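Below you'll find the structure, written out as structure tokens, and then a few comments.
Everything numeric in this text was worked out from a predicted model, so none of it was measured. Numbered from 1 within each chain, the chains take letters A, B, ... in sequence-line order.
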Amino acid sequence: MTKHLLQIYRILFEEYGAQHWWPADTHDEVIIGAILTQNTNWKNVKKAISNLKKKQLLSLSALSAADIAMITDCIRPAGHYNQKAERLKLVSNALKEYIVPPVSNEFRAFLLSLKGIGPETADSILLYAYNLPYFVVDAYTNRIFSRLGIIGEQSNYSYIQGFFHRFLEPSVQLFNEYHALLVRHAKLHCRKSPQCASCPLQDICEYALNKGLT
DNA sequence: GGCCAGGACACCA
DNA sequence: TGGTGTCATGGC
């Protein structure tokens, strides 16, 4: 399976090139973006981030000190603004008080203990903000690999993540680029309504379906 | 005007 | 434990 996963990676990399993720300038901006992007189009997230920047609120320390109404007003374009404002505030305060070096599963458990931080958001923060080798599983990952027949459509988060962790070396660089490439690919070829024409994974998709690549 | 978007959580059976 | 409703804006 390792060689198939790496083959898919190579095809995507040759097709799209390096994605240079996460699209953020600072460590704090990664964390803020990871919360804002929950169930939201990234274009809307960029508007919210721009608003935060204008108000000089694009850092955890600034958010921690800011009035929640001001945060809410800034992030309105990203949707779910009441929930997300609370989550930004909570995470900003929590990370300020977290003094243990964020290098282990304990830190992941800590993130998951925060209301509003689920597995995908936690792993996005761990991988892209803290450079820790946690594979990020999102709706696109699930869609692409279930359509390839490699995982079941109903597979849960920990199963899918465990799958990648089992068959790939724990490389931050690889996990970073792989997830970014999957997002790029899914936006072009793997929306909810399949658009398979000229899909660079078409060959491996047919191979997977024919050979029972599981 | 409806569908969808780089989720998470509360509630209920 | 699994299914469903809610949060909500903006692009296509």
Which protein N or O atoms sit under 3.5 Å from an N or O of nucleotides 11-13 of chain B?
none

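- Going from atom CD1 of A:Ile35 over to atom P of C:dT9 covers 19 Å, rounded to whole Å.
- Regarding contacts with the backbone of B:dC4, every side-chain N or O of A:Arg143 stays at 4.0 angstrom or more from both OP1 and OP2.
- A distance of 7.5 Å separates CG in A:Asn82 from CZ in A:Arg76, rounded to the nearest 0.5 Å.
- Atom NZ of A:Lys187 and atom P of C:dG11 are 14 Å apart (whole Å).
- Residue order along DNA chain B, read from the 5' end via each residue's closest nucleotide, puts A:Pro23 first among A:Gly116 and A:Pro23.
- Taking the P atoms as reference points, B:dC3 lies 16 Å from C:dT6, given to the whole Å.
- With hydrogens and angles ignored, the 3.5 Å screen pairs a side-chain donor or acceptor of A:Thr2 with a backbone N or O of A:Phe167.
- Rounded to an integer number of Å, the gap from A:Leu90 CG to B:dA8 P is 14 Å.
- Going from atom CG of A:Asn44 over to atom P of B:dG7 covers 13 Å, rounded to whole Å.
- Interface residues of residues 68-87 of chain A facing DNA chain B, ordered by number: A:Gln83, A:Arg87; criterion, heavy-atom separation under 4.0 Å.
- Here the P atom of nucleotide B:dG7 and the CG atom of A:Leu112 are 16 Å apart, to the nearest Å.
- No donor-acceptor distance shorter than 3.5 angstrom exists from the side chain of A:Glu120 to the backbone of A:Tyr157, with no hydrogens or angles considered.
- Nucleotides B:dA10 and C:dT9 are separated by 22 Å at their C1' atoms, to the nearest Å.
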Atom pairs under 3.5 Å: protein N/O with N/O of nucleotides 1-3 of chain C:
none

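- Remark: C1' of B:dG7 and OH of A:Tyr157 are 11 Å apart, rounded to the nearest angstrom.
- Note: A:Phe163 and A:Phe135 fail the aromatic proximity criterion, with ring centroids not under 6.0 Å apart.
- When rounded to the nearest whole Å, the span between CG of A:Asn39 and C1' of C:dG10 equals 13 Å.
- The backbone N or O of A:Ala34 lies less than 3.5 Å from no partner atom in the side chain of A:Thr37, so there is not a single donor-acceptor pair.
- With P as the reference atom, B:dA8 and C:dG10 are 22 Å apart, rounded to whole Å.
- Among the atoms of the strands shown, none is found under 4.0 Å from any heavy atom of A:Leu36.
- Counting heavy atoms from C-beta outward, A:Ile117 and A:Thr121 have side chains that approach closer than 4.5 Å.
- Phosphate proximity of C:dG10 to A:Lys46: absent, as no side-chain N or O sits under 4.0 Å from OP1 or OP2.
- Note on A:Lys43: every side-chain N or O is 4.0 Å or more away from OP1 and OP2 of C:dT9.
- Contacts of A:Ala109 classified as side-chain contact (heavy atoms from CB on, under 4.5 Å), with partners at least two apart in sequence or in another chain: none.
- In terms of heavy atoms, A:Ser155 sits closest to A:Gly152 at OG-O, 2.7 Å.
- Between the side chain of A:Lys89 and the backbone N or O of A:Ala66, at least one donor-acceptor pair lies under 3.5 Å.
- In this structure, CG of A:Asn156 is placed 13 Å from P of B:dA8, rounded to the nearest angstrom.
- Residues A:Val30 and A:Ile125 have side chains not in contact (no heavy-atom distance under 4.5 Å, counting atoms from C-beta outward).
- For DNA chain B, the neighbouring residues in residues 120-127 of chain A, judged by any heavy atom under 4.0 Å, are A:Glu120, A:Thr121.
- Under the 3.5 Å distance criterion, with hydrogens and angles disregarded, a donor-acceptor pair is assigned to the side chains of A:Asn156 and A:Ser158.
- Ring centers of A:Phe175 and A:His165: under 6.0 Å apart, within the cut-off.
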Does the pair A:Phe145 and A:Phe164 meet the rule for a ring-ring contact (aromatic ring centres under 6.0 Å, His included), with working shown?
CA-CA 11 Å; A:Phe145 282 88; A:Phe164 284 98; 5.0 Å; yes
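- The backbone N or O of A:Tyr159 lies less than 3.5 Å from no partner atom in the side chain of A:Gln161, so there is not a single donor-acceptor pair.
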Per-pair distances, 0.1 Å, donor-acceptor, side chain in residues 46-54 of chain A, under 3.5 Å, sequence neighbours excluded:
{"residue": "A:Asn51", "atom": "ND2", "partner": "A:Lys47", "partner atom": "O", "Å": "3.4"}
{"residue": "A:Asn51", "atom": "ND2", "partner": "A:Cys74", "partner atom": "O", "Å": "2.9"}

